[in-house]
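Okay, so here's the structure we're looking at.
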Amino acid sequence: MGSPLGPLTLVATGGVLSGVYMDRQRYRPDEAIFGERDDTPFGEVVEQFEEYFAGHRTVFDLPLRLHGTPFQLAVWAALREIPYGQTVTYGEMAARLGRPVTAARAVGHANGRNPVSIIVPCHRLVGATGDLTGYGGGIDRKRRLLAFERGEGGWDVRGA
């Protein structure tokens, strides 16, 4: 689907959303494993993304089929608890998971492997000083997502 951030590739496993990938995204699987194109399972996904990008949706309400390690799944679940327009540091996320702040790097690694961009809002994690650090879709996209969620203007689709 098209988006203000460029094309998003939606992937379903057993008819349930299991991936949202940006072009040039780090850790993006090889397209060959996505199978034949079938838009059938994505009507509600596209509708909720359109509402989000229009500024009318702050929480996604979609079933997801996520595959990862128990730690990755815990991080991805905790990411969904970060409110729209807010950020949390990697160290704070480690603490929320009952881990020492030194686990921030492990949180960052799990965050980078998030297969469902935007819906599982990995863009809401920031460095200890609030700096924008690592984002699988690129720092510019992270900056644009956070600015949009903070109400700092709409989408400038040039360069998307």
Side-chain angles (χ1 to χ4, degrees), residues 1-12 17-34 37 39 42 44-62 64 66-68 71-73 75-94 96-97 101 103-160:
M1 71 171 280
S3 84
L5 300 171
L8 300 177
T9 300
L10 308 177
V11 178
L17 186 67
S18 60
V20 175
Y21 299 101
M22 299 175 194
D23 64 327
R24 300 179 316 274
Q25 180 172 332
R26 188 177 343 138
Y27 305 121
R28 179 187 170 105
D30 186 314
E31 299 236 356
I33 70 163
F34 294 158
R37 182 181 175 126
D39 295 337
F42 301 117
E44 182 66 19
V45 176
V46 170
E47 183 178 321
Q48 288 194 28
F49 264 122
E50 288 172 349
E51 292 169 356
Y52 172 82
F53 289 124
H56 302 302
R57 174 173 289 280
T58 60
V59 175
F60 288 90
D61 180 25
L62 297 164
L64 301 176
L66 302 178
H67 302 282
F71 182 72
Q72 287 172 329
L73 293 171
V75 169
W76 301 336
L79 288 171
R80 295 189 82 186
E81 301 299 319
I82 303 172
Y84 179 91
Q86 295 183 26
T87 58
V88 170
T89 69
Y90 294 93
E92 289 170 336
M93 181 59 69
R96 288 183 182 193
L97 295 168
V101 72
R105 186 176 299 257
V107 167
H109 185 70
N111 190 52
R113 295 282 184 174
N114 170 23
V116 185
S117 300
I118 305 168
I119 293 172
V120 175
C122 50
H123 58 280
R124 296 181 190 154
L125 279 185
V126 297
T129 61
D131 291 338
L132 301 188
T133 59
Y135 184 61
I139 293 294
D140 183 58
R141 286 181 174 143
K142 183 173 189 167
R143 182 178 295 110
R144 292 169 65 197
L145 282 162
L146 291 173
F148 172 71
E149 290 187 1
R150 287 190 305 258
E152 297 172 1
W155 290 105
D156 177 4
V157 295
R158 293 174 295 162

Exercise. So, W76 side chain and A110 main chain: donor-acceptor pair closer than 3.5 Å or not?
Worked result: yes
For this session: Using the six-membered ring wherever Trp is involved, compare the ring planes of Y52 and F148 and label them parallel, tilted or perpendicular (cut-offs 30° and 60°).
Result: perpendicular
Problem set entry | Side chains of T89 and V101 in contact at under 4.5 Å (non-hydrogen atoms) | no
For this session: Evaluate whether atom CZ of R150 has more than 12 neighbouring non-hydrogen atoms of other residues, nucleotides or ligands under 6.0 angstrom away.
Result: yes
For this session: Among S3, S117, P7, find the residue that satisfies the side chain to side chain contact (heavy atoms under 4.5 Å, CB included) test when tested with M22.
Result: S117
Exercise. Just by modelled atom types, is the D61 backbone N or O under 3.5 Å from a matching donor or acceptor in the Q48 side chain?
Worked result: yes
Seminar exercise, completed: For R124 and T58, the nearest pair of non-hydrogen atoms, with its separation, is NH2-O, 4.2 Å
For this session: Quick one: closest heavy-atom pair of C122 and N111, and the distance?
Result: CB-OD1, 2.8 Å
Seminar exercise, completed: Nearest heavy-atom approach of L17 to F42 is CD1-CE2, 3.9 Å
Exercise. Of the non-hydrogen atoms in R80 and L64, which two are nearest, and what is the gap between them?
Worked result: NH1-CD1, 3.2 Å
Exercise. Is it true that E81 and R96 have a side-chain N and a carboxylate O under 4.0 angstrom from each other?
Worked result: no
Exercise. What distance do H109 atom NE2 and F71 atom CZ have between them, rounded to the nearest 0.5 Å?
Worked result: 10.0 Å
Exercise. Can you name the nearest heavy-atom pair linking P115 to L66, along with the distance?
Worked result: CG-CD2, 3.9 Å
For this session: Going by the side chain to side chain contact (heavy atoms under 4.5 Å, CB included) test, name the single residue among L125, V75, V120 that passes it with N114.
Result: V120
Problem set entry | Contact summary for G68 and L73, nearest pair of heavy atoms | O-CD1, 3.8 Å
For this session: Could you label the plane-to-plane angle of the F49 and F53 rings as parallel, tilted or perpendicular, counting under 30° as parallel and over 60° as perpendicular?
Result: parallel
Exercise. So, R141 side chain and L5 main chain: donor-acceptor pair closer than 3.5 Å or not?
Worked result: yes
